[in-house]
Amino acid sequence: MVELGPRVLATCSMRKRSRITTMRAFSSYQKEDASLEEEDSLKQQFDNAFQRHDPSAAKTAIGQQTFLQTPLPQDTSPFRLTDNFLQQYKDKSPPFGFNGLGEIVYRRTYSRVDLETGKNEEWWQTVARVVNGTFNMQKRWIQEHRLGWNAWKAQKSAQEMYKRIFDMKFLPPGRGLWAMGSPITEHKKLFAALNNCAFISTDVMKSNSSEPSKPFYFLMDLSMLGVGVGFDTKGAGYHVKGPKPTPSEHTPLIIEDSREGWVESVRVLLDAHFLGKERPVFDYSQIRPKGAPIRGFGGISSGPETLQTLHRELEKILAPFDGKALTARAIVDVMNLIGKCIVSGNVRQTAEIAFGEYNDVEFMDLKNYDLNPERAAFGWTSNNSVFAKVGMKYGEVAKRIAHNGEPGIAFLHNMKAFSRMNSDEDWKDRRAAGGNPCLEQTLESYELCCLVETFPNNHEDLDDYLKTLKMAYLYAKTVTLGKTHWAESNRVMLRNRRIGCSMSGIAQFVTNRGIEELRRWCNTGYHAIQEHDRSFSDWLAIPRSIKTTSVKPSGTVSLLAGATPGLHYPESRHYIRRLRMGKSSSLLPPLIEAGYKVEVSVDDPENTMVVEFPVKLGDNIRTASELSMWEQLSLAAFMQKYWADNQVSCTVTFDPEKESTQIEHALDYFQYQLKGISFLPRLPMGAFKQMPYEHISAEEYEQMVSKIKTLDTSRASAAEPTPDKFCE
């Protein structure tokens, strides 16, 4: 029993003041294993004692409670969902989509090896890891700032989040499914890995001439954590000094076999060229050989060869600029080569987007491999977009889009000036400088952001969806509590707390419920998120999020839930979806045994196999070929108006023969309704061997399905997942 001092006892007879003082003591106490009923009972006992002016009864009611002056030690144990709750999900079948495709994508991409059992996680375990990690982040934050942790309420919220993830009403980003609650966040504290995307401006090369290489090694560092990174070319014009000769007597720089070691080697090499320092000589002996396991982060080593190749290629790109001004193309080439190095490692996967000026002809032609055939080996690592000026002439840009779909368009003025594009300019994002690789997030330089994906078509009604939005929002907001290892990023992120609550399966929803119902769900849902942001930001004692909603293009995450990606319509009602897997994957034998067609990859026969999955989306849903370019643009504008205060990621597919001449006119009209857009000429499905999608008839679909038996992966050997190649 805690002894109450004379001052506290005296408060029991001081009506108004006593209640304030002593109730502060009561509210400061959070008993970790007490039920809400027990807390209410204690509170009632205290109130009764207070009304009777009975200090002794008040002491009894308070029991083990303490006052703010002498707080009890806080429980530092990690948050965990109760075993009783999890028990009901251990034998429950997850609602994976698309005839086994969703399950295989999960097992290939997100199922980590459980450290206790040595086996790959099942879906119920992955969800538990993710939810435990999420609420553990909250608990650490609340306790570090003495804000009062309520274990019972946390358990109740965590169970609700678990249910809605397990049932795939919403899903964290692929980054979160892969990293949240794993040693990456719990031990290494690499919270940057939870974020989908980032942006860095090369303008710092001019404003901070002492660190001109920082944008490049920032991109490399974040990319090696699986974060997709956007960058601009505003550093063009920086004067490259060129490296000094290596002295005859020199000490090689031993490269540490870690993310930090690889990034540092690139920084040293770039600094030699940019700042006129000695040309480094590297020692690669500490880098583990190709195929060796990587502990902690997972996967296998690519060996030193990929880094050696990067160093050689960077030297080749930069040497012609020694003593000269750097060009926009050179900036993009360096960033692309870094991306190629990371992706070729086949462990840490990422994506890039390059932003150039609308009047830079060389930049606009970077993806034209007829003009620049030497770039074909690495130019694929980034999407390229131009900063379009609202009101400009789009003829030159449209001509190039008609040729190969690039560049994309980013309306930076609209990104800065508007939230949802349904009202006047608010200029919330006046400091924005670019966006992420799929262009659904407005970002400042050094800013990172987390996106979360909801599936409105997987809900019974709007009330059900609003409950999901609360949990989806809470996941994304919680990620903003994790600091990165970059001071510049933390300054922006702690101020902005930007998140992106997204929707997928929009085509399915419109087919089943109509566009007016979508408008109602978007509008109501958006306002609900703003209310949650007010409430939870106050609870966490942090700023409200500068922006909260997006439409991401989605990739593997929507496959888990059986949803069409983002706002895009399917290529066909019935089609083959092909998935590439490593030849050594232990998932291949179960797939073959279950009757799925598996064949050697024509592009990479030595290392890769291709698995075919039959997919049916229903007879009523329209296909992408049935939507005109104008209708696709209209849907993007609709979502930008009613849902996304960040941006809508939309790739408009167009008929090269009938619609390419209309692109210029379409941009004229929609420049006032969008923040960004990209285009892609439509190719016939099956035009190339083993394309990701291939149209099939309903009869062919039924024939394929008839050959498939129940998939049993229980005998598959344990293996770390292969993260998605893009910023999922």
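The first residue in the sequence is number 1, and the count goes up from there.
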Q | Met493 and Thr480: CA distance, side-chain angles, deciding distance, side chain to side chain contact (heavy atoms under 4.5 Å, CB included) verdict | A | CA-CA 7 Å; Met493 295 170 66; Thr480 73; over 6 Å; no
Q: Test the Arg420-Tyr526 pair against the cation-pi criterion, namely NZ or CZ under 6.0 angstrom from the six-membered ring centroid and within 45° of the ring axis.
A: yes
**Q.** Steps toward ring pair (Phe, Tyr, Trp, His ring centres under 6.0 Å) verdict (Tyr446, Phe218)
**A.** CA-CA 8 Å; Tyr446 288 104; Phe218 174 88; 5.1 Å; yes
Q: List the steps and the verdict of side chain to side chain contact (heavy atoms under 4.5 Å, CB included) for Glu357 and Val386.
A: CA-CA 5 Å; Glu357 301 304 318; Val386 294; over 6 Å; no
Q.
Between Gln647 and Asn414, is the side chain to side chain contact (heavy atoms under 4.5 Å, CB included) condition met? List the steps.
A. CA-CA 10 Å; Gln647 292 168 215; Asn414 294 347; over 6 Å; no
Q) Is it true that atom NZ of Lys470 has more than 12 heavy atoms of other residues, nucleotides or ligands lying nearer than 6.0 Å? A) no
Q.
Any donor-acceptor pair under 3.5 Å linking the side-chain atoms of Arg544 with those of Ser537?
A. no
Q. What do you reckon, is CD of Glu657 surrounded by more than 12 foreign heavy atoms closer than 6.0 Å?
A. no
Q: Would you please test Glu664 and Lys399 for salt bridge (Lys or Arg N to Asp or Glu O under 4.0 Å) and show each step?
A: CA-CA 8 Å; Glu664 178 182 2; Lys399 182 172 65 176; over 6 Å; no
Q) Do side-chain atoms of Thr327 reach the backbone of Ala330 as a donor and acceptor pair under 3.5 angstrom? A) yes
Q: Kindly say whether Arg519 contributes a backbone atom to a donor-acceptor pair with the side chain of Asn523 at under 3.5 angstrom?
A: no
Q) CG of Leu567 to CZ of Phe638: how many Å apart, nearest 0.5 Å? A) 11.0 Å
Q.
Could you check whether any side-chain N or O of Ser535 sits under 3.5 Å from a backbone N or O of Glu531, counting only pairs where one atom can act as donor and the other as acceptor?
A. no
(Q) Quick one: does any side-chain atom of Ser678 pair with a main-chain N or O of Gly405 as donor and acceptor, under 3.5 Å? (A) no
Q: Apply the test salt bridge (Lys or Arg N to Asp or Glu O under 4.0 Å) to residues Arg329 and Asp365: give CA-CA distance (whole Å), side-chain angles for both, the deciding distance (0.1 Å), then the verdict.
A: CA-CA 10 Å; Arg329 170 176 172 163; Asp365 286 333; over 6 Å; no
Q. How long is the span from the CG atom in Leu560 to the OG1 atom in Thr109, to the nearest 0.5 Å?
A. 8.0 Å
Q) Regarding Asn646 and Arg498, is there a side-chain donor-to-acceptor distance under 3.5 Å anywhere? A) yes
Q.
Under a 3.5 Å distance rule, please check whether Gln632 uses its side chain to pair with a backbone N or O of Thr653 as donor and acceptor.
A. yes
**Q.** Point-to-point distance, once rounded to the nearest 0.5 Å, from CZ of Phe191 to NZ of Lys483
**A.** 9.0 Å
Q: Look at the side chain of Asn458 and the backbone N and O of Met168, then say whether any donor-acceptor pair between them is shorter than 3.5 Å.
A: yes
(Q) Nearest 0.5 angstrom please: Tyr569 OH to Thr511 OG1, how far? (A) 5.0 Å
Q) Do the two ring centres, one from Trp630 and one from His665, sit under 6.0 Å apart? A) no
Q: Verify the distance criterion only: is there a donor paired with an acceptor across the side chains of Ser502 and Glu440 at less than 3.5 Å?
A: no
Q: Return the minimal non-hydrogen interatomic distance between Val452 and Ala476, and the atom names on each side.
A: CG1-CB, 4.1 Å
Q: Please say whether more than 12 non-hydrogen atoms of neighbouring residues, nucleotides or ligands are located less than 6.0 Å from CD in Glu626.
A: yes
Q: Check the pair Glu396, Arg400 against side chain to side chain contact (heavy atoms under 4.5 Å, CB included), reporting the backbone distance first and the verdict last.
A: CA-CA 7 Å; Glu396 288 300 313; Arg400 289 165 172 82; 3.0 Å; yes
Q.
Can a donor-acceptor pair be found, under 3.5 Å and without considering hydrogens, that links the side chain of Asp232 to the backbone of Thr202?
A. yes
Q. Is the distance between the ring centroids of Phe509 and Trp521 less than 6.0 Å?
A. yes
Q | Among Thr468, Asp167, Val557, side-chain contact (heavy atoms from CB on, under 4.5 Å) partner for Phe455 | A | Val557
Q) Under 6.0 Å between the ring centres of Phe387 and Tyr358? A) no
Q. Would you call Met639 and Leu518 a side-chain contact if the rule is heavy atoms closer than 4.5 Å?
A. yes
Q.
Taking NZ in Lys658 as the centre, count heavy atoms belonging to other residues, nucleotides or ligands within less than 6.0 Å. Is the count above 12?
A. no
Q: Check Ser385 against Ile409 and note the closest heavy-atom contact, atom names and distance.
A: OG-N, 4.0 Å
Q. Would you say the side-chain atoms of Arg573 and Asn620 include a donor-acceptor pair closer than 3.5 Å?
A. no
Q: Measure from the side-chain N and O atoms of Lys675 to the backbone N and O of Ser649, and report whether any donor-acceptor pair falls under 3.5 Å.
A: no
Q) Per the salt bridge (Lys or Arg N to Asp or Glu O under 4.0 Å) rule, which among Arg495, Arg430, Lys416, Arg491 passes with Glu444? A) Arg495
**Q.** Distance-only polar pair, side chains of Asn384 and Ser382, donor-acceptor under 3.5 Å
**A.** yes
Q) Rounded to the nearest 0.5 Å, how far apart are CG of Leu469 and NE2 of His532? A) 7.0 Å
(Q) I'd like to know if the side chain of Tyr473 pairs up with that of Ser545 as donor and acceptor (distance under 3.5 Å, no hydrogens or angles considered). (A) no
Q. How many angstroms lie between CZ in Phe216 and CE in Met220, if you round to the nearest 0.5 Å?
A. 13.0 Å
Q.
Taking CG in Asp424 as the centre, count heavy atoms belonging to other residues, nucleotides or ligands within less than 6.0 Å. Is the count above 12?
A. no
Q. Within the distance-only criterion (no hydrogens, no angle test), does the side chain of Thr381 pair as donor or acceptor with the backbone N or O of Phe378 below 3.5 angstrom?
A. yes
Q: Ignoring hydrogens and angles, tell me if any N or O in the side chain of Lys552 forms a donor-acceptor pair with the backbone of Ser504 under 3.5 Å.
A: no
**Q.** Chi angles and distances behind the salt bridge (Lys or Arg N to Asp or Glu O under 4.0 Å) call for Asp668, Lys393
**A.** CA-CA 8 Å; Asp668 276 337; Lys393 300 295 183 183; over 6 Å; no
Q.
With no hydrogens and no angle check, just 3.5 Å: does a side-chain donor-acceptor pair link Ser572 and Thr623?
A. no
Q | For Asp360, salt bridge (Lys or Arg N to Asp or Glu O under 4.0 Å) partners two or more places apart | A | none
Q: For the residue pair Trp486 and Glu488, confirm or rule out a side-chain donor-acceptor distance under 3.5 Å.
A: no
Q: For Gln530 and Thr548, test the side chains for any donor-to-acceptor distance below 3.5 angstrom and give the result as yes or no.
A: yes
Q. Shortest non-hydrogen contact from Phe654 to Ala402?
A. CZ-CA, 4.0 Å
Q. For Lys641, does the NZ atom have more than 12 heavy-atom neighbours from other residues, nucleotides or ligands under 6.0 Å away?
A. no
Q) If we ignore angles and hydrogens, is there a donor and acceptor under 3.5 Å between the side chains of Asn496 and Arg431? A) no
Q: Could you check Glu571 against Arg577 for salt bridge (Lys or Arg N to Asp or Glu O under 4.0 Å), going step by step and ending with a plain yes or no?
A: CA-CA 10 Å; Glu571 294 296 324; Arg577 179 65 162 90; over 6 Å; no
Q.
Any non-hydrogen side-chain atom of Val397 less than 4.5 Å from a side-chain atom of Met364?
A. yes
